Amino acid sequence: MKVIITKNHAESCQKTAAIMADIINNQTKPVLGLATGGTAEQVYAELVQLHQSKKLSFKNTATVNLDEYVGLAPDHDQSYRYFMNFHLFNKVDIDLKNTYVPLGNTDPITELKAFQEKLASTPRHFQLLGVGPNGHIAFNEPSATLHADAHIVNIADATIEANARYFASKNDVPKTAFTQGMGDILKAECLALLATGANKADAMKKMLLSDEVTTEYPCTFLKTHPNCIIFIDQALADLIGYKG
Ligand code: PGA
């Protein structure tokens, strides 16, 4: 695992977008694993800017997302499909047929099988990651056991709490989600996790201040990946006492 302390989150996003652009420009059929969430928004803004300045085309790129709420239609403004279309897909020249976000409003068992098959047939060159305040990765929530494969999960109370800001009320946050499993995530050739904000301090302490791997902090499994980059901004590094 390589850790890069950046001067701020904007720099973390620029550096991550540069890695992604490099993969898109150098692979014949680039496949990117994508993430939603506040942390990722500026990464997508950087990619859109590169596209608008004619430095990047997504024509040959395929994408697979980490997760989706069960029950939300693609046009629901809190669905992860909506997020991806809004922040990236509708602003670049990607073919929407080459983008995969699990479909939230169909039979969950059928959709889970389709998601698993998609992951098995679509190896990723890269996976973008945020981290939850409780250390979750995608919707792999802290637990005595984790899953290797894509599955449907009961979203942890702490995550419902953290995501309630996007919904009219906490009760409107869906209780279950499709998520890639830890094994799916660790199969990507290269991973980049970005962390910013005081609410990520606990998770980042477990990531950076010890070599322990524990299902109580799913993010710690990234320590076992041979090509994982952690971008942490200076403010958060200072807060947890990480000096590099
Ligand atoms: P955030 O979410 O980027 O909105 O903080 C990250 C996550 O929960 O994985």
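Both counts, for ligands and for their atoms, begin at 1 and track the order of listing. Just so it is clear, the model here is predicted, and its values are computed rather than measured.
- Thr176 and Asn154 are not linked by any side-chain donor-acceptor pair at a separation below 3.5 angstrom, with hydrogens and angles left out of the test.
- Under a 3.5 Å cut-off, the side chain of Thr220 and the backbone N or O of Met207 do not form any donor-acceptor pair.
- Side chain to side chain, Asp233 and Thr196 meet the donor-acceptor criterion of an N or O pair below 3.5 Å.
- Atom 3 (O) of ligand 1 has Thr39 OG1, 2.5 Å as its closest protein atom, hydrogens excluded (heavy atom only).
- Of all protein heavy atoms, the one closest to atom 5 (O) of ligand 1 is Lys200 NZ, 2.7 Å.
- Between Phe139 and Tyr69, the ring center distance clears the sub-6.0 Å criterion.
- For atom 9 (O) of ligand 1, the closest non-hydrogen atom on the protein side is His136 NE2, 3.4 Å.
- Within the 4.0 Å heavy-atom criterion, the part of Val131 lying near ligand 1 is the backbone and not the side chain.
- Contact atoms of ligand 1 toward Gly130: 9 (O) (distance under 4.0 Å to a heavy atom of the residue).
- Other residues, nucleotides and ligands contribute more than 12 heavy atoms inside 6.0 Å of the NZ atom of Lys91.
- Checking only distances, Thr36 never comes within under 3.5 Å of ligand 1, N or O to N or O.
- With ligand atoms numbered from 1 in the order given, ligand 1 contributes 3 (O), 4 (O) to contacts under 4.0 Å with heavy atoms of Gly37.
- Among the atoms of Gly38, some N or O lies under 3.5 angstrom from an N or O of ligand 1.
- Ion pairing between Glu68 and Arg81 fails under the 4.0 Å rule for side-chain N and carboxylate O.
- Checking side-chain atoms of Asp184 against main-chain N and O of Ala150 turns up a donor-acceptor pair under 3.5 Å.
- Using a 4.0 Å cutoff on heavy atoms, Arg165 counts as a contact of ligand 1.
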